[in-house]
Amino acid sequence: MKREGLPELKNVDGIKPVFRFAPNPNGPLSFGHARGIVINGTYAKKHEGTLILRFDDTDTTVKPPSLSAYGLIPKEVEWLLGRPADRIVIASDRIPQYYEHAEKMLEGEFGYVCKCSAEAFRGFREAKSNCPCRDKSVEENIQDWNKMLDGTYKPGDAVVRVKTDMTLKNPALRDWPALRMQDTITNPHPRPNIGSTYKVWPLLDFQSAVEDHLQGVTHIIRGKDLMDSTRKQTLLYEHFGWTYPETIYWGRVKVHEWGGFSTSKMRASIENGEYSGWDDPRLPTIQGLQARGIQAEALRNFWIELGVTQKDISVPLATLFSHNTKKIDDDAPRLSFIRNPVEVQLTGDVPDTVELPIHPNHSEKGVRTISLDTPSIYIESEDAHGTYRLKEFADIDASGNIESVERSDKRPIIHWTSSSTSKDATLMIPNQEEIQHISGRVESNNYSIGTIVQLERIGYSIITSDGYLLMHE
RNA sequence: GCUCGUAUAGUGUAGUGGCCCAUCAUAAAGGACUCUCAUUCCUUUGACCCGGGUUCAAAUCCCGGUACGAGCACCA
């Protein structure tokens, strides 16, 4: 039995499931983020549940948030899903709630303030031995906690740890850190209302775990690199007496043509001028894909088809393109683009105009009229040898003489346009390294910027202010 | 090193013990349709990592090996 769409979810009977997509708002969303949005969003829709968009913006130094992303990301999510996220949660707005739970942890004696250095603690972790801070009384812990809050301690001096078990088989789980201090005077949080307000900040595993519970998240679908996070967080949930959400993982996806782009790598390349911006069509960002004419629905179908296996996979761009072609072909008007044009003077019985269909499968879309008031046409230099047939027009001999309007033999059919019904234009082909510019003549048209057309015998293309950007064949 | 995870055609994916000499998509090749190298349709090629075990029966369960990936951050 072939399963249609995404696999069935566990534990959805009789409930309205709650999903979340939680990016770090340190830049625009990338192709990879789209997976999280599509999968979580599709499940939410299917089960009439809720999709939370959560900004995990709790690091101000290593991965500082970018202010513009807070406005941009919800729009990107909406574009991709065709509907906005049901709820937006910003972690940096929720610091008091995290503090409250940190205090409960201290009071409940399943957390402690650790004043060991990171290196020192690594030693304890490797040796499976308790750090001396572990046995402090609740009062001492609360005292130290307050010294974190009031800045008596400085970043690096103290962290709050979750008491798990230092002899746990998996070293990653041993008394993991939940909150640490950040110098928000030197590195203020970019959101003006947060700025330097807080010195103590939760780490992802703590913030995410607490917030998932607070928001009633029922299903977490995320990368398998976060498997140990699940285990850490489950330990915390046990302390709090909560039930951990159903969790599903996916493996890493690489697109053969793109390799490994990261947000920070892209930022650097944009800043040094290698790319024009986040919307450069060569970049694997949502904006880049949009600029390249990739339809939201094609992207959704692409991710749904890949599913949620834990395999690390590498897919060719052709897979995405084939989904896109299915979406755009019926609507894409046909147009002639003549690369490296060669002018040919027609002789013989030249009509005033020639009519070509706008779309071969949709005659109701009408015709385009090519004027031959001057008997001059353009064909591609590559086609300019021997006899050929001008598509939808006439058989021509090597000198430009019209031999027959009817198709008389099997000579090659080529696309063409007339001198008077065409204008100079540029075809841009986004290769990995550079955008190749090819100058030529395009058939005159009134399509607006952003229209997706099919350049006959070349491929699908989106009209930009600079010319015709080739999307794919 | 320790821990965790994954292994089905070129690339993805279905398959949770007999319906599987293994599904679908994509890619490739061929063909039909078509005045596009497009769209649509048809056909072909092509896979259960290796070795043991359990069972009447294994892609599916168990053990070992191998390969690949991830975590072991006061990043997310």
Side-chain angles (χ1 to χ4, degrees), chain A residues 1-4 7 22-26 55-65 91 114 116-119 121-122 125-126 128 155-161 168-174 176-182 200-205 207-208 222-232 249-254 256 263-264 301-302 304-316 318-323 325-326 328-330 332 334-336 356-357 359-362 389-395 405-407 411-415 454-460 473:
Chain A
M1 245 316 248
K2 171 68 180 174
R3 201 202 63 223
E4 279 298 318
N24 178 349
N26 63 344
F55 293 112
D56 283 346
D57 58 344
T58 55
D59 185 279
T60 59
T61 45
V62 182
K63 288 180 177 170
C114 173
C116 302
S117 66
E119 306 83 76
F121 192 84
R122 191 176 307 133
R125 179 169 48 229
E126 282 164 10
K128 298 186 180 180
D157 292 348
V159 301
V160 177
R161 289 186 183 281
L168 251 20
K169 273 177 74 182
N170 188 340
L173 312 185
R174 298 172 193 157
W176 54 273
L179 301 98
R180 83 321 202 168
M181 300 189 65
Q182 295 191 99
V200 178
W201 284 81
L203 287 148
L204 173 82
D205 288 313
Q207 177 270 129
S208 176
R222 60 183 173 195
K224 67 173 182 180
D225 52 314
L226 263 20
M227 267 182 176
D228 283 347
S229 267
T230 299
R231 299 183 181 103
K232 288 189 217 177
Y249 307 96
W250 56 61
R252 247 176 53 154
V253 173
K254 261 202 248 174
H256 183 250
T263 300
S264 49
N301 292 343
F302 171 85
I304 289 169
E305 186 178 79
L306 291 196
V308 283
T309 67
Q310 291 186 29
K311 272 201 284 187
D312 298 313
I313 57 177
S314 177
V315 288
T319 305
L320 176 61
F321 291 161
S322 94
H323 282 289
T325 297
K326 287 185 175 67
I328 60 178
D329 183 71
D330 272 341
R334 269 46 177 177
L335 231 41
S336 275
L356 305 164
H359 195 297
N361 307 338
H362 298 282
R389 177 168 177 82
L390 301 176
K391 189 168 181 289
E392 308 270 2
F393 175 27
D395 289 356
V405 170
E406 293 308 310
R407 192 161 185 201
R411 67 183 71 186
I413 296 166
I414 65 170
H415 67 292
Q454 191 211 55
L455 303 179
E456 291 191 271
R457 301 212 297 147
I458 298 175
Y460 297 96
E473 290 187 353

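Residue numbering restarts at 1 for every chain, and letters A, B, ... go by the order of the sequence lines. Being a predicted model, the structure only gives us computed values, none of them experimental. All values below were derived from every heavy atom in this structure, side-chain atoms included, with hydrogens, water molecules and symmetry-related copies excluded.
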**Student:** Closer to the 5' end of RNA chain B via nearest nucleotide, is it A:Arg457 or A:Leu204?
**Tutor:** A:Arg457

**Student:** Would you call A:Asp157-A:Arg180 a salt bridge at under 4.0 Å N-O?
**Tutor:** no

**Student:** Measuring only the C1' atom in each nucleotide, how far is B:rA70 from B:rA14? A whole number of Å is fine.
**Tutor:** 26 Å

**Student:** Are any of A:Arg180's side-chain N or O atoms less than 4.0 Å away from OP1 or OP2 of B:rC75?
**Tutor:** yes

**Student:** Would you classify A:Gly156 as touching base, sugar-phosphate or nothing, given that sugar-phosphate means primed atoms plus P, OP1 and OP2, and contacts are heavy atoms under 4.0 Å?
**Tutor:** base

**Student:** Report yes if a side-chain nitrogen or oxygen of A:Lys254 is closer than 4.0 Å to either non-bridging phosphate oxygen (OP1 or OP2) of B:rU11; otherwise report no.
**Tutor:** no

**Student:** Please work out if A:Tyr249 contacts a base, only the sugar-phosphate, or nothing of the nucleic acid, heavy-atom cut-off 4.0 Å.
**Tutor:** nothing

**Student:** Using the criterion of both pairing distances under 3.5 Å for Watson-Crick and G-U wobble pairs, give all stems of 3 or more consecutive pairs involving RNA chain B.
**Tutor:** B:1-7 with B:66-72, B:10-12 with B:24-26, B:28-32 with B:40-44, B:49-53 with B:61-65

**Student:** Under 4.0 Å, heavy atoms only, any strand: does A:Ile313 hit a base, just the sugar-phosphate, or nothing?
**Tutor:** sugar-phosphate

**Student:** Can you check the A:Glu473 CD to B:rA28 C1' distance for me, whole Å?
**Tutor:** 14 Å

**Student:** Within 45° of the axis and under 6.0 Å from the centre of the six-membered ring of A:Phe121, does NZ or CZ of A:Arg161 qualify?
**Tutor:** yes

**Student:** Between the side chains of A:Arg222 and A:Thr230, is a donor N or O closer than 3.5 angstrom to an acceptor N or O?
**Tutor:** yes

**Student:** Using atom CD1 of A:Ile328 as one end and atom P of B:rU36 as the other, report the distance to the nearest whole Å.
**Tutor:** 19 Å

**Student:** State, yes or no, whether a side-chain contact exists between A:Pro171 and A:Glu126 at a heavy-atom distance under 4.5 Å.
**Tutor:** no

**Student:** Rounding to a whole Å, what distance do you find between A:Glu456:CD and B:rU36:P?
**Tutor:** 8 Å

**Student:** Quickly work out the A:Leu306 CG to B:rU11 P distance and round it to whole Å.
**Tutor:** 14 Å

**Student:** Would you classify A:Glu392 as touching base, sugar-phosphate or nothing, given that sugar-phosphate means primed atoms plus P, OP1 and OP2, and contacts are heavy atoms under 4.0 Å?
**Tutor:** base

**Student:** Does either side chain, that of A:Thr58 or that of A:Gln207, offer a donor lying less than 3.5 Å from an acceptor on the other one?
**Tutor:** no

**Student:** Under 4.0 angstrom, heavy atoms only, what part of the nucleic acid is A:Pro360 near: base, sugar-phosphate, or nothing?
**Tutor:** base

**Student:** Could you work out the separation of B:rA29 and B:rU13 based on their P atoms and round it to a whole Å?
**Tutor:** 24 Å

**Student:** Using a cut-off of strictly less than 4.0 Å, decide whether A:Thr58 has a side-chain nitrogen or oxygen near OP1 or OP2 of B:rA76.
**Tutor:** yes

**Student:** So what does A:Val315 hit on the nucleic acid, given a heavy-atom distance under 4.0 Å: a base, only sugar-phosphate, or nothing?
**Tutor:** sugar-phosphate

**Student:** B:rC4, B:rA38, B:rC75: which one has an atom nearest the side-chain heavy atoms of A:Asn361?
**Tutor:** B:rA38

**Student:** Sticking with atom C1', work out how far B:rC61 lies from B:rU54, rounded to a whole angstrom.
**Tutor:** 8 Å

**Student:** Measuring only the P atom in each nucleotide, how far is B:rA28 from B:rG10? A whole number of Å is fine.
**Tutor:** 15 Å

**Student:** Taking B:rC37 as the reference, what is the distance to B:rG30 when you measure between their P atoms (whole Å, please)?
**Tutor:** 14 Å

**Student:** What distance, rounded to whole Å, do you find between the two C1' atoms, one in B:rA9 and one in B:rA47?
**Tutor:** 4 Å

**Student:** Of the options B:rC75, B:rU36, B:rA27, whose atoms approach the side-chain atoms of A:Arg334 most closely?
**Tutor:** B:rU36

**Student:** Could you check whether A:Asp228 and A:Asn170, counting side-chain N and O atoms only, form a donor-acceptor pair closer than 3.5 Å?
**Tutor:** yes

**Student:** Which whole number of Å gives the distance between the P atom of B:rG12 and that of B:rU8?
**Tutor:** 9 Å

**Student:** Return the CZ to NZ distance between A:Arg174 and A:Lys169, rounded to the nearest 0.5 Å.
**Tutor:** 11.0 Å

**Student:** Return the CD1 to CZ distance between A:Ile328 and A:Phe321, rounded to the nearest 0.5 Å.
**Tutor:** 10.0 Å

**Student:** Give one of base, sugar-phosphate or nothing for A:Lys391, where a contact means two heavy atoms less than 4.0 Å apart.
**Tutor:** base

**Student:** Which nucleotide in the list B:rC75, B:rU36, B:rU8 gets nearest to the side chain of A:Lys311?
**Tutor:** B:rU8

**Student:** What's A:Ser229 touching, base or sugar-phosphate or nothing? Going by heavy atoms closer than 4.0 Å.
**Tutor:** nothing

**Student:** Just to be sure I understand the rule, does A:Thr61 reach a base, reach only the sugar-phosphate, or reach nothing, if contact means heavy atoms closer than 4.0 Å?
**Tutor:** nothing

**Student:** Any N or O donor-acceptor pair under 3.5 Å from the base of B:rU36 to the side chain of A:Gln454?
**Tutor:** yes

**Student:** Under 3.5 Å, is there a donor-acceptor pair between the A:Thr263 and A:Asn26 side chains?
**Tutor:** no

**Student:** Just to confirm, is there a sub-4.0 Å distance from OP1 or OP2 of B:rU13 to any side-chain nitrogen or oxygen of A:Thr309?
**Tutor:** yes

**Student:** Using the C1' atom as the reference point in each nucleotide, state the distance between B:rC74 and B:rU16 in Å, no decimals.
**Tutor:** 43 Å

**Student:** Closest-nucleotide mapping onto RNA chain B: is A:Arg161 or A:Lys169 further toward the 5' terminus? I mean the 5' end.
**Tutor:** A:Lys169

**Student:** Looking only at heavy atoms, which two atoms of A:Arg389 and A:Asp395 are closest? And how far apart?
**Tutor:** NH1-OD1, 2.9 Å

**Student:** What is the distance from CG of A:Leu335 to P of B:rU36, rounded to the nearest Å?
**Tutor:** 16 Å

**Student:** Please determine whether a side-chain nitrogen of the Lys or Arg among A:Asp225 and A:Arg252 lies less than 4.0 Å from a carboxylate oxygen of the Asp or Glu.
**Tutor:** no

**Student:** By the 4.0 Å heavy-atom rule, please label A:Asn24 as base, sugar-phosphate, or nothing.
**Tutor:** sugar-phosphate

**Student:** Using a cut-off of 4.0 Å on non-hydrogen atoms, how would the nucleic acid contact of A:Arg174 be classed: base, sugar-phosphate, or nothing?
**Tutor:** nothing

**Student:** Do A:Tyr460 and A:Asp329 meet the criterion of a side-chain donor-acceptor pair at a distance under 3.5 Å?
**Tutor:** yes

**Student:** For A:Gln310, answer base if it contacts any base atom (sugar-phosphate contacts may also be present), sugar-phosphate if it contacts only those atoms, and nothing otherwise; contact means non-hydrogen atoms under 4.0 Å.
**Tutor:** sugar-phosphate

**Student:** Examine the base of B:rC35 for any acceptor or donor lying under 3.5 Å from a partner atom in the side chain of A:Arg407, and report the outcome as yes or no.
**Tutor:** no

**Student:** Just the rounded figure in Å: distance from P of B:rA14 to CD1 of A:Ile304.
**Tutor:** 13 Å

**Student:** Between protein and nucleic acid, restricted to nucleotides 68-72 of chain B and to nitrogen or oxygen atoms under 3.5 Å apart, what atom pairs and distances do you find?
**Tutor:**
from: B:rG69; atom 1: O4'; to: A:Asp312; atom 2: OD2; distance (Å): 3.2
from: B:rG69; atom 1: O2'; to: A:Asp312; atom 2: OD2; distance (Å): 2.9
from: B:rA70; atom 1: OP1; to: A:Arg252; atom 2: NH1; distance (Å): 3.1
from: B:rG71; atom 1: O2'; to: A:Asp228; atom 2: OD2; distance (Å): 2.9
from: B:rC72; atom 1: O3'; to: A:Arg125; atom 2: NH2; distance (Å): 3.3
from: B:rC72; atom 1: O2'; to: A:Arg125; atom 2: NE; distance (Å): 3.3

**Student:** For A:Asp57, which residues count as a salt bridge (charged side-chain N to carboxylate O under 4.0 Å, His left out) partner, sequence neighbours excluded?
**Tutor:** none

